[in-house]
Amino acid sequence: MQAMKILTPDFFARPTAAVARDLLGKVLVRRGLRARIVETEAYLGARDRASHARFGPRGRSSVMFGQPGRLYVYLVYGMHHCMNVVTEEDGTAGAVLLRAAEGLDGAEPKTLSGPGRLCRGLGVTRRENRLDLTDAGSGLFLADDGFRPARVGVTSRIGVAYAGPWARRRLRFYLPGNPSVSGA
DNA sequence: GCCACGATAGTG
DNA sequence: ACTATCGTGGCG
């Protein structure tokens with residue numbers, strides 16, 4: 001294991017699917033807690049019928065159209081939070097949903113499986129919406145510790161059956177065999 | 001205003 | 001498979 005290098009804006013200012021794939025194995029750092037990302041999903045711009053950005057640069061998803069490397073947090077089903085990382089250049093919509101991670105601080109890896117449980121485990125709520133993940137002083141940032149996935153699994157996204165043809169797009173990325181990857 | 005519906009998770 | 005629970009977006 002080598003030194004942690006914080007991810008900079010240029011990492012996020014790229015096509016969303018590439019960022020989603022490259023976030024696998026990166027480390028979320030939250031108040032000294034560390035968790036390795038094992039599952040992500042890419043949500044594209046206005047034409048992606050599964051993306052909140054389909055409503056345009058208004059309302060809760062306006063952050064998706066802004067600066068790369070910001071956090072987008074929203075509430076689903078009235079009770080669970082979901083955290084996303086904003087991608088693409090400022091002015092272009094895109095975000096990566098973080099769906100699962102494993103905590104690295106205990107003797108055993110702590111499972112944070114599913115977007116709701118990941119947010120719960122890290123204490124992330126809408127208070128953290130729009131937080132700058134590229135600022136180490138933010139209380140939440142992303143780092144590269146040198147980990148490189150041997151393999152990456154790709155499937156369609158979870159829970160977007162309503163999105164017509166976009167439901168079938170292969171925009172979910174995960175580390176095959178990792179026990180913290182969410183089943184459903 | 002009002003209403004339908006989730007980028008989920010826990011229980012039966 | 002059922003449902004808790006509430007913010008958002010669509011519509012009028």
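By convention in this document, chain letters (A, B, ...) are assigned in the order of the sequence lines, proteins followed by strands, and residues within each chain are numbered from 1.
For the pair A:Arg58 and A:Phe55, the cation does not sit on the ring face, since its NZ or CZ is not both under 6.0 Å from the ring centre and inside 45° of the axis. In this structure, A:Arg70 is not positioned above the aromatic face of A:Tyr72 in the sense of NZ or CZ being under 6.0 Å from the six-membered ring centre and within 45° of the axis.
Looking only at atom types and distance, the side chain of A:Glu39 has a donor-acceptor partner in the side chain of A:Ser182 under 3.5 Å away. Checked by atom type, the side-chain pair A:Ser156/A:Arg170 shows no donor-acceptor distance below 3.5 Å.
At a threshold of 4.0 angstrom between heavy atoms, the contacts of A:Arg126 are confined to the sugar-phosphate backbone, with no base atom among them.
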- Any chance you could list the contact pattern along nucleotides 1-10 of chain B? Use B for base contacts, S for sugar-phosphate-only contacts and - for none, protein heavy atoms under 4.0 Å, 5' to 3'. -----BBBSS

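Considering CG of A:Leu140 and CG of A:Asp135, their distance stands at 11.0 Å, rounded to 0.5 Å. Here A:Leu24 contributes atom CG and A:Leu175 contributes atom CG; the two are 5.0 Å apart, rounded to the nearest 0.5 Å.
A straight line from NE2 of A:His81 to P of C:dT5 spans 14 Å, rounded to a whole angstrom.
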- Message: Give the dot-bracket line for DNA chain C from 5' end to 3' end: parentheses for intra-strand Watson-Crick or G-U pairs under 3.5 Å, square brackets for crossings, | for inter-strand pairing, dots for unpaired.
- Response: ||||.||||||.

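A donor-acceptor contact shorter than 3.5 Å is absent between the side chain of A:Asp144 and the backbone of A:Lys5.
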- After noting the C-alpha distance and the side-chain angles of A:Arg130 and A:Ser62, does the key distance pass the side chain to side chain donor-acceptor pair (under 3.5 Å) rule? CA-CA 10 Å; A:Arg130 297 180 182 270; A:Ser62 59; 2.7 Å; yes

